[in-house]
K.L.:
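Here it is, the structure, as structure tokens.
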Number of protein chains: 2
Amino acid sequence: MARKTGSHSDITGPKVRAAAQKLFARYGYAAVSMRQIAGEVGVQAGALYNYTPDKQSLLFDMMKAHMEELLAAWEAEPKGEGPLTRLEAFARFHVRFHLDRPEAVFIAYMELRNLEPGNFEVIEALRKRYESELEAILRDGQEAGVFSLADSKLTTLAVIAMLTGVTTWYRDEGRLSRDRVVGIYWNMVRKAVGA
Amino acid sequence: MARKTGSHSDITGPKVRAAAQKLFARYGYAAVSMRQIAGEVGVQAGALYNYTPDKQSLLFDMMKAHMEELLAAWEAEPKGEGPLTRLEAFARFHVRFHLDRPEAVFIAYMELRNLEPGNFEVIEALRKRYESELEAILRDGQEAGVFSLADSKLTTLAVIAMLTGVTTWYRDEGRLSRDRVVGIYWNMVRKAVGA
DNA sequence: GGTTGAACTGAACAGCCGTTCAGTTCAACC
DNA sequence: GGTTGAACTGAACGGCTGTTCAGTTCAACC
């Protein structure tokens, strides 16, 4: 029988994940100990094992959730018609989504090598599925004569690298507003694909 | 009196740096132990301390050397006249330089957070000096009416992110030759800045 | 061929690692 | 108010960490 109050698992569980995300993003997975995470949450290290089977799962679950959220959010995004409109939707969506989750993004790009082989494959597959969304748009636009690309695969990776790079420097208190940054990135992408 | 043969320090020293670079790039600084590095070199862990005062210096010296090599190489690069020519020189140089040193580049971008504060500042300053080289070109081109930029600072970071991204996917055995890749990236940069 | 000293070994140091688990706490229920 | 069980503590496990250092090796020199 589930208790309503007095039960902390639905509070501590998210706290554990939040603490792990914060610390992994700041210091890196390998440099963060379970005791540090526990300290951030306010419990002893042993208590963490009520919420995760091990440290690796903490990383993997967080990365998997991030990638699935990314794919689901893009699927739910209104995309409009035609390659140019869809590319604009993608560019704006990508920058906004990444600006909203700087920690998760940082971890997703930095901690791939700390995943055990089986876990790595899962995340890698999700990442490729996302990349193929952009590549499909670029190929469609290329065939329709809307874009002018030397190589759609290379362009896909170059565009994603450029857009994702926003997280390395953007700060909310900064000189440029979010909307302005999103608009500038979209403009650069548009020009880069020759549209 | 320095011995000519029989002395291994001029062999082991570079070996240590090479092993550290290889392992840091593959598994990350925090995940690599001094015993692993020693094993790669073929000595015991204690012997490493003939070549570095500590593990942190191994990382810092390698990153500092990389950044200084980057700046020196760019300084030595023939740049030509005018913003467009200089931008082309920069783009081609950047991609080529980074393709030649995938491990050092990877470490320089991934291990910043594992630098002690004082060391971090040094590397950060070198990185900013390099970025300002590109920004100067972009501002000159903007003022000369050759480029069309929404924001020179943002464009600087976006261009560098795009160009550096090449190291995440390029493989020598791949579909596209180095020269072809360099040319495609330059073309995307050129279009992105509106030239 | 005896001496020197750079290079290296191998063991030890204190301390932290991820993980386990018997025992304690205490709100929620009967 | 006694019982239950989820949540958590605190100590322990073996093993690994970066670093130190007395002792060994051995090529190069006098």
Side-chain angles (χ1 to χ4, degrees), chain A residues 1-21 23-24 26-63 107 111 113-119, chain B residues 1-21 23-24 26-63 107 111 113-119:
Chain A
M1 229 150 283
R3 289 180 294 178
K4 288 291 146 55
T5 50
S7 176
H8 291 162
S9 77
D10 50 353
I11 298 173
T12 309
K15 262 193 178 178
V16 168
R17 288 186 285 276
Q21 180 166 91
L23 292 172
F24 287 170
R26 188 165 313 177
Y27 304 109
Y29 173 78
V32 172
S33 73
M34 293 300 269
R35 282 170 183 81
Q36 269 180 73
I37 298 170
E40 181 82 17
V41 174
V43 295
Q44 293 298 311
L48 298 179
Y49 291 84
N50 290 320
Y51 305 99
T52 182
D54 48 38
K55 190 187 176 190
Q56 170 74 198
S57 300
L58 222 40
L59 176 63
F60 174 63
D61 292 347
M62 155 186 323
M63 289 178 75
I107 292 168
E111 302 298 353
R113 61 182 164 187
N114 285 310
L115 289 171
E116 287 164 9
N119 292 341
Chain B
M1 227 151 281
R3 290 180 294 177
K4 289 291 147 54
T5 50
S7 177
H8 291 163
S9 76
D10 49 354
I11 298 172
T12 309
K15 262 192 178 178
V16 168
R17 289 186 285 275
Q21 181 167 90
L23 292 171
F24 288 169
R26 190 164 312 178
Y27 304 109
Y29 173 77
V32 172
S33 72
M34 293 299 268
R35 282 169 183 81
Q36 268 179 74
I37 298 171
E40 180 83 17
V41 174
V43 296
Q44 293 296 313
L48 298 180
Y49 291 83
N50 290 321
Y51 307 99
T52 182
D54 47 39
K55 191 188 175 189
Q56 171 74 198
S57 300
L58 222 40
L59 176 63
F60 174 63
D61 292 347
M62 154 186 324
M63 289 177 74
I107 292 167
E111 303 297 353
R113 62 182 164 187
N114 284 310
L115 289 172
E116 287 163 10
N119 292 341

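By convention in this document, chain letters (A, B, ...) are assigned in the order of the sequence lines, proteins followed by strands, and residues within each chain are numbered from 1. Note that the structure is predicted; figures quoted are calculated from it, not measured.
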K.L.:
Return the OH to OG distance between B:Tyr27 and B:Ser33, rounded to the nearest 0.5 Å.
P.N.:
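The OH atom of B:Tyr27 sits 11.5 Å away from the OG atom of B:Ser33.
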K.L.:
C:dC17 phosphate, OP1 or OP2: any side-chain N/O from A:Ser33 under 4.0 angstrom?
P.N.:
yes
K.L.:
Consider the side chain of A:Tyr51, meaning its heavy atoms from C-beta on, and name the nucleotide among C:dC17, C:dT19, D:dC8 that approaches it most closely.
P.N.:
D:dC8
K.L.:
Tell me: CG of B:Asp54 to P of D:dT19, nearest whole Å?
P.N.:
5 Å
K.L.:
Has B:Thr12 got a side-chain N or O lying under 4.0 Å from the OP1 or OP2 atom of C:dA7?
P.N.:
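No, because none of the side-chain N or O atoms of B:Thr12 sits under 4.0 Å from OP1 or OP2 of C:dA7.
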K.L.:
Whole angstrom is fine here: how far is it from CG in A:Asn50 over to C1' in C:dT25?
P.N.:
14 Å
K.L.:
Hey, does A:Glu116 have a side-chain heavy atom less than 4.5 Å from the side chain of A:Phe60?
P.N.:
no
K.L.:
Could you tell me how far apart B:Met34 (CE) and D:dT19 (C1') are, to the nearest whole angstrom?
P.N.:
8 Å
K.L.:
Can you check the A:Ile11 CD1 to C:dA27 C1' distance for me, whole Å?
P.N.:
13 Å
K.L.:
Using heavy-atom distances to pick each residue's nearest nucleotide on DNA chain C, tell me which of A:Ala47 and A:Gln36 is more 5'.
P.N.:
A:Gln36
K.L.:
Reading 5' to 3' and counting Watson-Crick or G-U wobble pairs with both distances under 3.5 Å, write the dot-bracket notation for DNA chain D, | for bases paired outside the strand.
P.N.:
||||||||||||||||||||||||||||||
K.L.:
Mind calculating the distance between CZ (A:Arg35) and P (D:dA11) to the nearest angstrom?
P.N.:
12 Å
K.L.:
Nearest to the side chain of B:Val43, which nucleotide is it out of C:dA12, D:dA7, C:dC8?
P.N.:
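Looking only at side-chain atoms, B:Val43 lies closest to C:dC8.
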K.L.:
Rounded to the nearest Å, what distance is computed from the CG atom of residue B:Leu59 to the P atom of nucleotide D:dG18?
P.N.:
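Interatomic distance, CG of B:Leu59 to P of D:dG18: 13 Å.
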K.L.:
In the structure I gave you, are the side-chain heavy atoms of B:Leu58 and B:Ile37 within less than 4.5 Å of one another anywhere?
P.N.:
yes
K.L.:
Between C1' on C:dC16 and NZ on A:Lys55, what's the gap in Å once rounded to a whole number?
P.N.:
12 Å
K.L.:
Remember a base hit wins even if backbone is also touched, and classify B:Val41 as base, sugar-phosphate or nothing at under 4.0 Å, heavy atoms.
P.N.:
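Counting heavy atoms under 4.0 Å across all strands, no contact is made by B:Val41.
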K.L.:
Is B:Tyr49 close enough to D:dC21 that one of its side-chain N or O atoms is under 4.0 Å from OP1 or OP2 there?
P.N.:
no
K.L.:
Quick check: on DNA chain D, is the nucleotide nearest B:Ala45 upstream (toward 5') of the one nearest A:Leu48, or the reverse? Name the residue that is more 5'.
P.N.:
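Taking each residue's closest nucleotide, the earlier one in sequence belongs to A:Leu48.
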K.L.:
For the side chain of B:Gln56 and the backbone of B:Asn114, is there at least one donor-acceptor N/O pair under 3.5 Å apart?
P.N.:
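The answer is yes, because a donor-acceptor pair under 3.5 Å joins these two groups.
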K.L.:
Please find the pair of heavy atoms, one from B:Leu59 and one from B:Glu111, that lie closest to each other, and give the distance.
P.N.:
CD1-CB, 3.9 Å
K.L.:
For the pair A:Lys55 (side chain) and A:Tyr29 (backbone), establish whether a donor and an acceptor sit closer than 3.5 Å, ignoring hydrogens and angles.
P.N.:
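Judged by distance alone, yes, a pair lies under 3.5 Å.
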K.L.:
If I take atom CD in residue A:Gln44 and atom P in nucleotide C:dT20, what distance separates them, rounded to the nearest angstrom?
P.N.:
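After rounding, the gap between these two atoms is 17 Å.
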K.L.:
Give me the atom names and distance for the closest heavy-atom approach of B:Thr52 to B:Asp54.
P.N.:
OG1-O, 2.8 Å
